[in-house]
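For reference, the structure discussed in these notes is given below.
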Amino acid sequence: MNMAHSPARRANWTAITLGAVAVMGGAIGTLFLIAPKKEGAIDWFAPMSATGWMAWTLPVAIFFWCIASLLVTFTLLAIRFPETPRVGILRIETTRGDRLFISLLGSAFICLIWLFFAGSPLWWALALCLAYAAAVFRWV
């Protein structure tokens, strides 16, 4: 078949988005299904794998699920809505992905500084990280 005369195929973004949501939803659902239980309730801080090399607790797994969800979302956004880099207050060209990276890196430092000075819990640090990320996406 001659490719020059074939109609252009358009991606079905609704199906792609729903597929990504289904995969990520299945992943988080699986995490909660395999989470260790104690007296019928989720034991949030019990290891998910007794023979694992890392302390894979449910909060750690949810954290990495959130990072993976952000990466999937930003990948789909970059494909569906290509962006031209913009120059913000740092005077460097950044894309959405660059701003996501800056936000995640800055949030890690905010949480480490919070832990050093205030200790746990990190709920107020999380609020500060969300405000920081909003500022980065707005002005950087």
Side-chain angles (χ1 to χ4, degrees):
M1 181 165 128
N2 187 354
M3 295 302 283
H5 297 289
S6 66
R9 289 189 59 200
R10 297 185 52 99
N12 185 352
W13 284 103
T14 303
I16 292 169
T17 303
L18 289 176
V21 167
V23 168
M24 296 311 291
I28 193 72
T30 302
L31 286 176
F32 278 98
L33 281 176
I34 66 171
K37 311 258 186 309
K38 186 179 194 179
E39 299 173 5
I42 293 176
D43 188 359
W44 285 88
F45 301 107
M48 294 182 79
S49 172
T51 60
W53 61 272
M54 184 175 165
W56 283 102
T57 61
L58 187 57
V60 171
I62 291 171
F63 171 78
F64 282 104
W65 177 86
C66 288
I67 299 295
S69 294
L70 282 170
L71 292 174
V72 167
T73 300
F74 275 70
T75 300
L76 290 176
L77 283 173
I79 296 169
R80 178 67 174 106
F81 304 107
E83 176 186 36
T84 56
R86 71 175 192 206
V87 177
I89 61 172
L90 294 179
R91 299 292 169 222
I92 59 172
E93 286 187 347
T94 60
T95 63
R96 280 186 295 256
D98 298 329
R99 292 187 292 276
L100 175 64
F101 178 75
I102 292 168
S103 298
L104 291 174
L105 190 61
S107 295
F109 283 111
I110 289 170
C111 288
L112 287 173
I113 291 167
W114 185 276
L115 281 171
F116 181 77
F117 288 109
S120 62
L122 290 172
W123 293 113
W124 288 106
L126 175 62
L128 190 60
C129 289
L130 291 174
Y132 169 73
V136 166
F137 274 89
R138 174 70 178 101
W139 291 301
V140 171

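Scope of the values below: all heavy atoms of this structure, side chains included, with no hydrogens, waters or symmetry mates. Counting begins at 1 with the first residue of the sequence.
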Working note: Thr73 + Met24, criterion side-chain contact (heavy atoms from CB on, under 4.5 Å); need CA distance, chi angles, decisive distance, verdict. CA-CA 10 Å; Thr73 300; Met24 296 311 291; over 6 Å; no

Of all pairs that satisfy salt bridge (charged side-chain N to carboxylate O under 4.0 Å, His left out), the ones with a partner from residues 99-114, not counting sequence neighbours: Glu83-Arg99

Quick one: side chain to side chain donor-acceptor pair (under 3.5 Å) pairs with a partner in residues 119-140, sequence neighbours left out? none

More than 12 foreign heavy atoms under 6.0 Å from NZ of Lys37: is that the case here? yes

Given 3.5 Å as the limit, does a donor-acceptor pair link the side chain of Arg86 with the main chain of Thr94, or not? no

List for me each residue that meets side chain to side chain donor-acceptor pair (under 3.5 Å) alongside Thr95, sequence neighbours excluded, and say none if there are none. Asp98

Tell me whether Val60 shares a hydrophobic cluster with Leu70, the cluster being built from Ile, Leu, Val, Met, Phe, Trp, Tyr side chains joined at under 4.5 Å. yes

Rounded to the nearest 0.5 Å, what separation is found between the CE atom of Met48 and the CD1 atom of Ile34? 4.0 Å

Please walk me through it: do Phe81 and Trp13 pass ring pair (Phe, Tyr, Trp, His ring centres under 6.0 Å)? CA-CA 11 Å; Phe81 304 107; Trp13 284 103; 7.8 Å; no

Shortest non-hydrogen pair, Trp114 vs Ala125, comes out as CG-CB, 3.5 Å

Are Leu71 and Val21 joined in one hydrophobic group, where the rule is that I, L, V, M, F, W and Y side chains link up if heavy atoms are under 4.5 Å apart? no

Can you label the angle between the Trp44 ring and the Phe32 ring as parallel, tilted or perpendicular, going by 30° and 60°? perpendicular

Leu122 and Cys111: which non-hydrogen atoms are nearest, and at how many Å? CD2-O, 4.1 Å

Say whether Ile110 and Leu100 are linked into one hydrophobic cluster, either directly or through other cluster members, by side-chain heavy-atom distances under 4.5 angstrom. no

Is the shortest heavy-atom distance from the side chain of Phe45 to the side chain of Pro59 under 4.5 Å? yes

Assess the residue pair Leu31 and Trp65 against the criterion (side-chain contact (heavy atoms from CB on, under 4.5 Å)); give the C-alpha distance rounded to whole Å, side-chain angles, the decisive distance to 0.1 Å, and a yes or no. CA-CA 9 Å; Leu31 286 176; Trp65 177 86; 4.1 Å; yes

Any chance you could measure Ser103, atom OG, to Leu130, atom CG, to the nearest 0.5 Å? 10.0 Å

If you round to the nearest 0.5 Å, how far is OG of Ser107 from CG of Leu126? 8.5 Å

Could you tell me whether the side chain of Arg80 reaches within less than 4.5 Å of the side chain of Thr17, counting heavy atoms only? no

Enter the distance from Asp43:CG to Leu58:CG here, rounded to the nearest 0.5 Å. 9.5 Å

Applying the 4.5 Å side-chain criterion to the ILVMFWY set and letting contacts propagate, would Phe109 and Leu115 be lumped into a single cluster? no

Answer yes if Leu104 and Phe64 sit in the same cluster of Ile, Leu, Val, Met, Phe, Trp and Tyr residues linked by side chain heavy atoms under 4.5 Å apart, and no otherwise. yes

Let me see the working for Ile92 and Val87 under side-chain contact (heavy atoms from CB on, under 4.5 Å), right down to the final yes or no. CA-CA 5 Å; Ile92 59 172; Val87 177; over 6 Å; no

